[in-house]
Amino acid sequence: MTPPGPGLLTSEWIKLRSVRSTYLTLLVAMAAATVVGILDYHSLDGSWDTMTAPERARIDPVRYGFSGGFYFAILALGTLGVLATGSEYSSGLIRTTFTATPHRGAVLTAKAVITGALTLAVGELLAFTTYLLGRSALSGRHLAMGLADPGVFRAVASTGLFLSVMALLGLALGAILRSQAGAIATLFGLFFVLPMLASTLDNWSTTPGTWTLQSAFEALSGTVARPGTDTPSPGLAFAVCGVYLAALGGLAAILVKRRDA
């Protein structure tokens, strides 16, 4: 794939920051992740005294804040990725882009670089902010949440990275389907519906569930292994993300080059 030049990268950055939908999706992601995350942490703090010893043992204090709110953030940043490609196809402006830059692979690469860099920065900011807020909320419980503790830094950093992965998958789907609604629905299905379908096969094998994006997120955002579940190891979870990125990104690159704008 042709590497993009500085001018093309600048052009894609201007496109991304010049539309209101970018700021709206980022605002939704930030509000959902931090507000819901801190509410979850305070809920844990309030219910800690009533928990039994086995219940406390199952609690992963880092993962606890990366649940409900971050699922909204995942979809918000995934939608941002869809808009980075899908909006140009929907409006017809993609023809102008390809006329100005005939190397279509370079255009797609530039979009991926800009979108990936922005969402990685935002994702890491949300992950570490939520972690710090949670550490403050649970400080009275003396729960081990220091970044130097086993698995903590990896879990927090990987959570931010996963948000960027979802944005890049959304970008690829936008290029593949050339429909914003279709790409967002497909992204929703991959993250939420596919794990439910995979769970119906648990009586035969847990392997399908292990290879879903939701299971990968649960593994990457946690510090405690969950044996007997579909949750893979962190190493396998990184591999799962890589497979999805390679498959959808590769298909997007092929179709962008071969199809008419």
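The figures here come from the full heavy-atom set of this structure, side chains too, leaving out hydrogens, waters and symmetry mates. In this chain, numbering begins with 1 at the start of the sequence shown.
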Find the distance between [atom1] ([X]) and [atom2] ([Y]) and round it off to the nearest 0.5 Å.
| X | Y | atom1 | atom2 | answer |
| --- | --- | --- | --- | --- |
| L108 | H103 | CG | NE2 | 14.5 Å |
| R104 | T109 | CZ | OG1 | 14.0 Å |
| L93 | T99 | CG | OG1 | 11.0 Å |
| R135 | Y41 | CZ | OH | 11.5 Å |
| L120 | L77 | CG | CG | 10.5 Å |
| I74 | Q214 | CD1 | CD | 8.5 Å |

What residue pairs, at least two apart or across chains, pass side chain to side chain donor-acceptor pair (under 3.5 Å) with a residue in residues 181-193?
none
Where at least one partner belongs to residues 80-94, residue pairs that pass salt bridge (charged side-chain N to carboxylate O under 4.0 Å, His left out), sequence neighbours excluded:
K15-E88, E88-K111
Pairs where residues 20-48 contributes a residue and the test salt bridge (charged side-chain N to carboxylate O under 4.0 Å, His left out) is met, not counting sequence neighbours
D45-R141
Heavy-atom distance under 4.5 Å between the side chains of [X] and [Y], does that happen here?
| X | Y | result |
| --- | --- | --- |
| F217 | V165 | no |
| F162 | S221 | no |
| L147 | F128 | yes |
| L83 | V19 | no |
| L44 | L138 | yes |
| L161 | L220 | no |
| E124 | V156 | no |
| T212 | L190 | no |

Tell me if a side-chain donor or acceptor on [X] pairs with a main-chain N or O of [Y] at a distance below 3.5 Å.
| X | Y | result |
| --- | --- | --- |
| T129 | L125 | yes |
| R178 | Y89 | no |
| S215 | W211 | no |
| R154 | G222 | yes |

Start with the C-alpha distance between E12 and V113, add both sets of side-chain angles, then the distance that settles side-chain contact (heavy atoms from CB on, under 4.5 Å), and finish with yes or no.
CA-CA 9 Å; E12 291 301 328; V113 169; over 6 Å; no
side-chain contact (heavy atoms from CB on, under 4.5 Å) between F238 and S158, intermediate numbers included:
CA-CA 9 Å; F238 281 119; S158 298; 3.3 Å; yes
Do V28 and I184 belong together in a cluster built from hydrophobic side chains that touch within less than 4.5 Å?
no
If every non-hydrogen atom of [X] is compared with every non-hydrogen atom of [Y], which pair is closest and at what distance?
| X | Y | value |
| --- | --- | --- |
| A73 | A32 | N-CB, 4.4 Å |
| T223 | A155 | CG2-CB, 3.8 Å |
| V36 | G68 | CG1-C, 4.1 Å |
| A252 | A172 | CB-O, 3.7 Å |

For Y23, ring-ring contact (aromatic ring centres under 6.0 Å, His included) partners two or more places apart:
none
Excluding sequence neighbours, so at least two apart, what forms ring-ring contact (aromatic ring centres under 6.0 Å, His included) with Y131?
none
So, using side-chain contact (heavy atoms from CB on, under 4.5 Å) as the criterion, who are the partners of [X] when residues are at least two apart?
| X | answer |
| --- | --- |
| L16 | T22, L80, A84, I114, T115, L118 |
| L187 | M166, L169, L173 |
| V193 | F188, M196, L197 |
| L255 | I176, L251, R259 |

Side chain to side chain donor-acceptor pair (under 3.5 Å) against S90, all qualifying residues, sequence neighbours excluded:
Q180
Set of side chain to side chain donor-acceptor pair (under 3.5 Å) partners for S164, sequence neighbours left out
T119
Are more than 12 heavy atoms, taken from residues, nucleotides or ligands other than Y71, located less than 6.0 Å from that residue's OH atom?
yes
Are there over 12 heavy-atom neighbours, none belonging to F192, within less than 6.0 Å of that residue's CZ?
yes
Write out all pairs satisfying ring-ring contact (aromatic ring centres under 6.0 Å, His included) with one or both partners inside residues 42-70, taking only residues at least two apart or from two chains.
F66-F70
Going by atom types only, do T50 and S47 share a side-chain donor-acceptor pair under 3.5 Å?
no
Check the pair V82 / L171 against side-chain contact (heavy atoms from CB on, under 4.5 Å), numbers first and verdict last.
CA-CA 4 Å; V82 170; L171 184 145; over 6 Å; no
